[in-house]
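Down below is the structure, laid out as structure tokens.
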Amino acid sequence: MFTHNLESGEWEIATGAITQSAGVTEIISHVHVSDTRDGGFSDWLPSTSSRPLTRWSHEANTSSPLPVGWREAPQRAIGSTPDTLNARCHCTAISFSVSRPTTQSSTFTAPWPDLIVPYFTNPSGVPTSQEKWWLRSDGTKYLAGTCACRSCRVAAGSAEAVEWAFVPACNISITDTDMPFVLPEMLHREGEYFPKPFHTNIKGLTTYRSSDHATRHFCATCGASVFWSSPDRPELIDVAVGLFDAPEGARSEGWLEWWTERVSFGEEAEAGERDGGFVGDLIEGMRVWEEGRGIREEEARVSG
């Protein structure tokens, strides 16, 4: 929730923890964009309220600004291969990897996520889909998206949205062990639910049951959000995208296909306590980014 700069003595507050941010906080720039290698989230939010946001390569006002669309040459991620994507938290206490989709990745069903089918407009409930909506790009990538729900925001302490990837549990492996990946929801049977942390077999991972249908998993040392899981779809796990160490950059585009038509639970952000214009600005920025990505891919095909 806080960071403390030992040199300057300044304290910073995670704005996601502020109950009423509308009229209190204002987004003015992006910092440390160069750390992302691909622009990360800043490419989706180039402006707010029609005001351009400066994209600082490192610290604000003391580093060089970077243009929208900036990319650094891909770097080799340690341990990652074309078929394995490593992930870790900031302190490295939590370490795991994700593999490419396999036939086992589509052997189950799961309810539509709010990212695609808004729960807000479906009060009677969202049905389980027979479509394998979490598999994209002809079954070679996973779906990823942004979420603006209050629960994600205050749990992560992030600004106004967090990024999740939908990954089957069978494609998640614990680093340096042959143990199978297990979370509490994967042990439920006949409607029973076991939310106790000792069922989680990743050392250092702490759990918090944030609702009747959701458990959040985070690092007990650095506090990083790691997983979101639910007994409604125990075979499919939400993985925090920020943990991935993809050579192409923070958006892990070699592994993820981003949903750009909607911000999950954007209605909550627009309900009054947040800056209602943020979600609209983000969706518009993602739309423009998606159009530009399509143009770049077509140009690459033509030149190739």
Practice problem: Before accepting this row, confirm whether a basic side-chain N of the pair Glu290/Arg287 lies closer than 4.0 Å to the acidic partner's carboxylate O. | Solution: no
In short, Pro111 meets Arg233 closest at the heavy-atom pair CD-CB, 4.0 Å
### Query
Is the Trp255 ring parallel, tilted or perpendicular to the Tyr142 ring (thresholds 30°, 60°)?
parallel
Shortest non-hydrogen pair, Val241 vs Ala250, comes out as CG1-O, 3.6 Å
Students should find that the hydrophobic cluster of Val31, defined by side-chain heavy atoms under 4.5 Å apart, otherwise consists of Trp56
Taking every heavy atom of Asn171 against every heavy atom of Ser105, the minimum-distance pair comes out as OD1-OG, 2.6 Å
Do the ring planes of Trp134 and Phe108 sit parallel (below 30°), tilted (30 to 60°) or perpendicular (above 60°)? parallel
- Sidechain-backbone polar pair: Asn86 side chain, Asp245 backbone, donor-acceptor under 3.5 Å: no
What one should report as the nearest heavy-atom pair of Ser252 and Ala246 is OG-CB, 3.4 Å
Joining Ile, Leu, Val, Met, Phe, Trp and Tyr whenever any side-chain heavy atoms lie under 4.5 Å apart, the cluster holding Phe218 also takes in Tyr208
Taken in chain and number order and not counting sequence neighbours, the residues that satisfy salt bridge (charged side-chain N to carboxylate O under 4.0 Å, His left out) with Arg136 are Glu257
* Establish, from distance only, whether the side-chain atoms of Thr215 and Arg209 form a donor-acceptor pair under 3.5 Å. => no
- Query: Any ion pair linking Asp281 and Arg51 (charged N to carboxylate O, less than 4.0 Å)?
  - Reply: no
Applying ring-ring contact (aromatic ring centres under 6.0 Å, His included) to Phe227 and not counting sequence neighbours gives Phe96, Phe181
Joining Ile, Leu, Val, Met, Phe, Trp and Tyr whenever any side-chain heavy atoms lie under 4.5 Å apart, the cluster holding Val33 also takes in Leu66, Trp70
Practice problem: Check step by step if side-chain contact (heavy atoms from CB on, under 4.5 Å) holds for Leu115 and Leu143. | Solution: CA-CA 10 Å; Leu115 183 68; Leu143 178 67; 4.2 Å; yes
Checking Arg293, Arg251, Arg37 against Asp43 for salt bridge (charged side-chain N to carboxylate O under 4.0 Å, His left out), the one that qualifies is Arg251
Only one of Ser229, Ser151, Ser225 passes side chain to side chain donor-acceptor pair (under 3.5 Å) with Arg216, and that residue is Ser151
Checking Phe166, Trp289, Trp44 against Trp258 for ring-ring contact (aromatic ring centres under 6.0 Å, His included), the one that qualifies is Trp44
By salt bridge (charged side-chain N to carboxylate O under 4.0 Å, His left out), Arg100 pairs with (sequence neighbours left out) none
